[in-house]
Each structure stands twice: as C-alpha cells, then as structure tokens.
Novice: 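Sharing a structure below in structure tokens format, with a few things to ask.
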Amino acid sequence: MADFIAQFGGIGLAFLGAALAVGLCCVGSARGTGMVGEAATGVLSETPEHFSKCLILQVLPGTQGLYGLVIWFFALFTMGAFSGGITDLSVTDGLTIFVSCVPMALGGWLSALYQGRVAAAAINVVAKKPDDWAKGIILCGIVEFYAILSLLASVLLLMNAL
C-alpha cells in the first residue's frame, strides 16, 4: 500500500481530492435537481403558471455543484496550477490537500441529495397552496446551511494546507 501511495505521489493525491470534491458535488446536484424536476413536471402539466416557483425550487440543490467547483479551484490554486506550473508535492502535502477536499466532497454530495428530496416535497406545496411555496425554500435553506459549512471547512483547510 505504501508503495502504491508513493508511486501515486502527492500530486496524484491532491488531484484526486480536487476531482472528488467537484465530481461528487456535481453528481449530488444532478441527482437532486433531477428529483425536483421530475416532481415539478406533474405540477406544470396541470398549472404551467407555476413554472418560476418550480424552477427556483429545482435550482436550489444545484448550488452544491458550484461549491464543489470552488473547492476544485482552491485546490488547484494551492497546488500552484495557476502560477505557471504545479509544484512538486510530497505525499504528505498531497494527502493534506486531499483531506482538505473531503468535507466538501462528502458534505456537498449528501446535502445535494437531501436538499433535492426536500425541494421535491416542496413541489407539493406549490401544487396545493401556491401562495405558501416560500416555506419550501426556507426548508431547503436549512439543508443548504450544511453545504455552506462543508464549503467553509474545505476553504479554511485549503488556505492552511501548505
């Protein structure tokens, strides 16, 4: 195992962490927004005038994909990718960057799925009581808070990684 990590190297570990942060967050966002879109199509087939309310609810689980992209940029910046070339990272430095990306990777992925479920359920509010649809946004915002905490954790870790 130690030989594999040594051959993979610090740069490989750092890239893996960055890729997982953006990849898992985008997968979660795609799944979450997809769930909401599926729920919204039923409402929109009967009441197309509620499109903007449904669209706003659908967009909410997509923010985690953006947060993952932010961490991807932070990780690449930390590796020196935007300053003319990637610095040679030790395994310890690469592992530090990898671990710094984990909060966003896992927090963004899972919060996007759960926020998608909340937003899909909130589509029922749009269908039954359209004037109360903002309550669904508030419920989604509570899940969003934990995605933001994951983003903050990864940013702070990456700022102090090397």
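For the numbers below, each heavy atom of this structure counts, side chains included, while hydrogens, waters and symmetry mates do not.
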Novice: For G42, is there any backbone N or O sitting under 3.5 Å from a side-chain donor or acceptor partner on S45?
Specialist: yes

Novice: Would you tell me whether S111 and E144 have side-chain atoms, one donor and one acceptor, within less than 3.5 Å of each other?
Specialist: no

Novice: Given 3.5 Å as the limit, does a donor-acceptor pair link the side chain of K53 with the main chain of P130, or not?
Specialist: yes

Novice: For a 4.5 angstrom cut-off between non-hydrogen side-chain atoms, does V102 reach L106?
Specialist: yes

Novice: What pairs of residues pass the ring-ring contact (aromatic ring centres under 6.0 Å, His included) test when at least one of them lies in residues 115-162, not counting sequence neighbours?
Specialist: none

Novice: When you measure from the side chain of S83 to the backbone N and O of G80, does any donor-acceptor pair fall under 3.5 Å?
Specialist: yes

Novice: Donor-acceptor check, side chain of S29 to backbone of G65, threshold 3.5 angstrom: yes or no?
Specialist: yes

Novice: Grab the two heavy atoms, one from T96 and one from S100, that are nearest each other, plus how far apart they are.
Specialist: O-OG, 2.7 Å

Novice: Specify the closest pair of heavy atoms between I97 and L158, including all atoms of both residues, with the distance to one decimal.
Specialist: CG2-CD2, 4.0 Å

Novice: For L57 versus V126, what's the shortest heavy-atom pair and its separation?
Specialist: CD1-CG2, 3.8 Å

Novice: Please find the pair of heavy atoms, one from C25 and one from Q64, that lie closest to each other, and give the distance.
Specialist: CB-O, 3.2 Å

Novice: So which heavy atom on C54 is nearest to which on V36, and how close?
Specialist: O-CG1, 4.5 Å

Novice: Atom CD of residue position E46 - does it have more than 12 heavy atoms of other residues, nucleotides or ligands inside 6.0 Å?
Specialist: no

Novice: With ring-ring contact (aromatic ring centres under 6.0 Å, His included) as the rule and sequence neighbours excluded, what pairs involving residues 25-80 come up?
Specialist: F73-F82

Novice: Is the closest side-chain donor-acceptor distance between T33 and Q58 under 3.5 Å?
Specialist: no

Novice: Minimum heavy-atom separation for A161 to T78, with atom names?
Specialist: CB-CG2, 4.1 Å

Novice: Determine whether M79 and L89 make a side-chain contact, defined as any pair of heavy atoms from C-beta on separated by less than 4.5 Å.
Specialist: yes

